Amino acid sequence: MCKGFKGKLLTDESFSAHTTFKTGGKIPLYAEPVDEDDLKLILDFFHQQDIPSFILGGGSNIVPDDEGIDFAVISTGNLCGITVQGECSDNLAETLLLTCGAGTPIEKITEFCIENSLSGLESFAGLPGTAGGAAYMNARCYGVSISDVLDSVRYAKCSPEGVLFAEYTKKEEDWDYKKSPFQNTLNVITSVSFRVRKGDKEEIRNKSESFVDDRRNKGHFRFPSAGSVFKNNRDFGKPSGQIIQDAGLRGLSEGGAQVAPWHGNIIVNTGNATSADIRRLSDTVVSEVKKKFGFELENEILFVSQGFVR
């Protein structure tokens with residue numbers, strides 16, 4: 001179908017197999033390039049054939065339509081190398097660059113940092129998803145945003161003239177809470193470079209494990225979920241989870257989807273939830289909070305449906 005393409009190319013692939021919520025219908029055409037050259041091939045092919053596409057990272061922040069979608073999906077799962085640039089000396093003040101392929105799971109990155117005594121990414125330990133997805137969403141964990149530790153991004157620049165690769169160096173004005181310059185563009189992140197430094201291995205391990213333990217204690221891993229459903233709005237004065245709890249909505253269910261009884265800002269799949277269940281429950285939470293407190297929560301998760309292409 002795509003001459004020279006070395007990766008996986010599937011039809012009627014199940015979206016639910018690629019999301020942490022474990023919901024979603026069929027993907028008409030699913031591509032998993034093996035490297036950047038393969039990515040360029042498939043992007044060029046889709047452009048030439050006028051096939052719209054969606055870029056998939058770890059599937060940890062999306063809820064695809066149960067009825068399937070009408071566009072192709074390109075997974076960055078094989079873009080997953082990790083390299084370190086710098087002297088890697090024992091100078092704790094020295095900044096090193098940790099470059100990770102867009103599809104590298106955050107878990108693998110934080111494990112690499114522990115094993116190599118690299119500090120700076122501890123607060124992201126336990127975060128589901130990938131380096132590319134975290135940069136795209138400007139993920140924020142325990143008071144630290146990806147933009148706080150990001151140095152640069154390599155990306156595929158999609159244009160009518162074809163696909164070119166380019167480098168982006170972070171500019172503070174491009175980033176905000178859960179906002180990045182890659183949202184609402186056709187550019188595809190292929191790798192992310194983080195600023196890290198040498199540190200004490202046991203301190204890094206203990207700090208990382210404390211964040212994983214906190215996530216575990218908050219029930220992040222009990223059922224399929226996407227972690228936090230709603231953004232925290234500082235103007236509201238409280239985290240969204242507390243607001244939802246104050247509205248008496250913890251434990252509220254819609255089909256197989258439930259607001260976690262132990263945390264207001266987590267919706268879980270209790271076993272047989274559909275994406276429609278999750279969407280209706282999310283809408284109900286937004287509506288009830290607005291009725292009781294007068295402001296509207298903003299979804300962090302993306303509902304992917306027919307015609308949606310980022």
Side-chain angles (χ1 to χ4, degrees), residues 14-27 56-69 105-107 124-129 133-134 137 139-142 178 211-233 236-306 308:
S14 173
F15 220 144
S16 62
H18 300 283
T19 70
T20 58
F21 256 128
K22 305 301 181 189
T23 66
K26 295 293 186 180
I27 301 169
L56 177 69
S60 62
N61 219 33
I62 62 173
V63 184
D65 196 288
D66 299 308
E67 302 305 315
I69 55 174
I106 295 295
E107 180 182 15
F124 299 99
L127 179 72
M137 297 299 296
R140 183 175 177 84
C141 302
Y142 302 100
K178 301 292 176 74
F211 291 124
V212 175
D213 288 343
D214 185 65
R215 292 178 188 275
R216 186 176 293 110
N217 292 336
K218 288 177 178 176
H220 282 225
F221 311 127
R222 295 182 199 176
F223 294 93
S225 77
S228 297
V229 174
F230 302 102
K231 297 179 182 180
N232 289 317
N233 188 325
F236 297 164
K238 292 180 183 178
S240 294
Q242 184 63 52
I243 292 167
I244 294 165
Q245 176 179 322
D246 292 347
L249 299 175
R250 288 204 314 191
L252 183 68
S253 294
E254 180 70 53
Q258 182 184 42
V259 178
W262 57 87
H263 196 294
N265 201 15
I266 297 175
I267 289 177
V268 298
N269 179 350
T270 61
N272 62 346
T274 64
S275 292
D277 292 339
I278 296 165
R279 183 60 181 263
R280 283 193 296 268
L281 184 55
S282 169
D283 289 347
T284 298
V285 170
V286 171
S287 175
E288 289 300 311
V289 165
K290 188 166 186 179
K291 279 184 201 173
K292 293 183 179 182
F293 302 118
F295 48 74
E296 191 164 320
L297 295 172
E298 182 183 358
N299 273 301
E300 181 172 332
I301 56 177
L302 302 175
F303 291 95
V304 181
S305 58
Q306 302 287 339
F308 179 103

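Everything quoted here is computed from the prediction, not taken from an experiment. The first residue in the sequence is number 1, and the count goes up from there.
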Participant: So which heavy atom on Glu300 is nearest to which on Asn61, and how close?
Facilitator: O-ND2, 3.2 Å
Participant: For the residue pair Ile243 and Phe293, establish whether any side-chain heavy-atom pair is separated by less than 4.5 Å.
Facilitator: yes
Participant: What distance do Arg140 atom CZ and Phe124 atom CZ have between them, rounded to the nearest 0.5 Å?
Facilitator: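 Separation between the atoms: 8.5 Å.
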Participant: Decide yes or no for Asn272 and Asp277: does some side-chain heavy atom of the first lie under 4.5 Å from some side-chain heavy atom of the second?
Facilitator: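 No, side chains not in contact.
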Participant: Between Glu254 and Leu281, which heavy-atom pair has the shortest distance, and what is it?
Facilitator: CB-CB, 3.9 Å
Participant: In the structure I gave you, are the side-chain heavy atoms of Thr23 and Pro64 within less than 4.5 Å of one another anywhere?
Facilitator: yes
Participant: Indicate yes or no: at least one non-hydrogen side-chain atom of Thr19 is less than 4.5 angstrom from one of Val63.
Facilitator: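 No, side chains not in contact.
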Participant: Give the minimum heavy-atom separation between Leu127 and Ala139, together with the two atoms involved.
Facilitator: CD2-CB, 4.1 Å
Participant: Once rounded to the nearest 0.5 Å, what's the spacing between atom CD1 of Ile62 and atom NE2 of His18?
Facilitator: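 Those atoms lie 10.0 Å apart.
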Participant: Inspect the surroundings of NZ in Lys290 and state if more than 12 heavy atoms from other residues, nucleotides or ligands are less than 6.0 Å away.
Facilitator: no
Participant: Under a 4.5 Å cut-off applied to non-hydrogen side-chain atoms, are Ile266 and Phe223 in contact?
Facilitator: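 Heavy-atom side-chain distance check fails, nothing below 4.5 Å.
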Participant: Rounded to the nearest 0.5 Å, what separates atom CG in Asp283 from atom CD1 in Ile278?
Facilitator: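 CD1 of Ile278 is found 12.0 Å from CG of Asp283.
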Participant: Minimum heavy-atom separation for Ala273 to Ala257, with atom names?
Facilitator: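 Of all heavy-atom pairs spanning Ala273 and Ala257, the closest is CB-N, 3.6 Å.
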Participant: Return the CZ to CG distance between Arg215 and Asn217, rounded to the nearest 0.5 Å.
Facilitator: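 Taking CZ in Arg215 and CG in Asn217, the distance rounds to 12.0 Å.
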Participant: Looking at Arg250 and Trp262, what are the two nearest heavy atoms and their distance?
Facilitator: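 In terms of heavy atoms, the two residues are closest at NH1-O, 3.3 Å.
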Participant: Supply the atom-to-atom distance Ile244 CD1 to Lys238 NZ, rounded to the nearest 0.5 angstrom.
Facilitator: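 NZ of Lys238 is found 12.0 Å from CD1 of Ile244.
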Participant: Does Val268 reach the side chain of Arg222, with side-chain heavy atoms less than 4.5 Å apart?
Facilitator: no
Participant: Looking at Lys292 and Ala247, would you say the former's side chain and the latter's main chain have a donor-acceptor pair under 3.5 Å?
Facilitator: yes
Participant: Ser240 and side-chain contact (heavy atoms from CB on, under 4.5 Å): which partner among Val289, Asn232, Val285?
Facilitator: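 Of the listed residues Val289, Asn232, Val285, the side-chain contact (heavy atoms from CB on, under 4.5 Å) partner of Ser240 is Asn232.
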Participant: Take atom CD of Glu288 as the centre, draw a 6.0 Å sphere, and report whether it contains more than 12 heavy atoms from other residues, nucleotides or ligands.
Facilitator: yes
Participant: Quick one: pull up CD in Glu67 and OG in Ser275 and give me the separation to the nearest 0.5 Å.
Facilitator: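 Interatomic distance, Glu67 CD to Ser275 OG, rounded to 0.5 Å: 10.0 Å.
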Participant: Are Asn299 and Ser282 close enough that a side-chain donor and a side-chain acceptor fall under 3.5 Å?
Facilitator: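 Result is yes, a qualifying pair exists.
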Participant: List the atom of Leu297, the atom of Phe230, and the distance in Å for their closest heavy-atom pair.
Facilitator: CB-CD2, 3.7 Å
Participant: Short question: side chain of Asn233, backbone of Glu298 - any donor-acceptor pair under 3.5 Å?
Facilitator: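 Side chain of Asn233 to backbone of Glu298: no pair is present.
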Participant: Are any non-hydrogen side-chain atoms of Pro239 and Asn265 less than 4.5 angstrom apart?
Facilitator: no
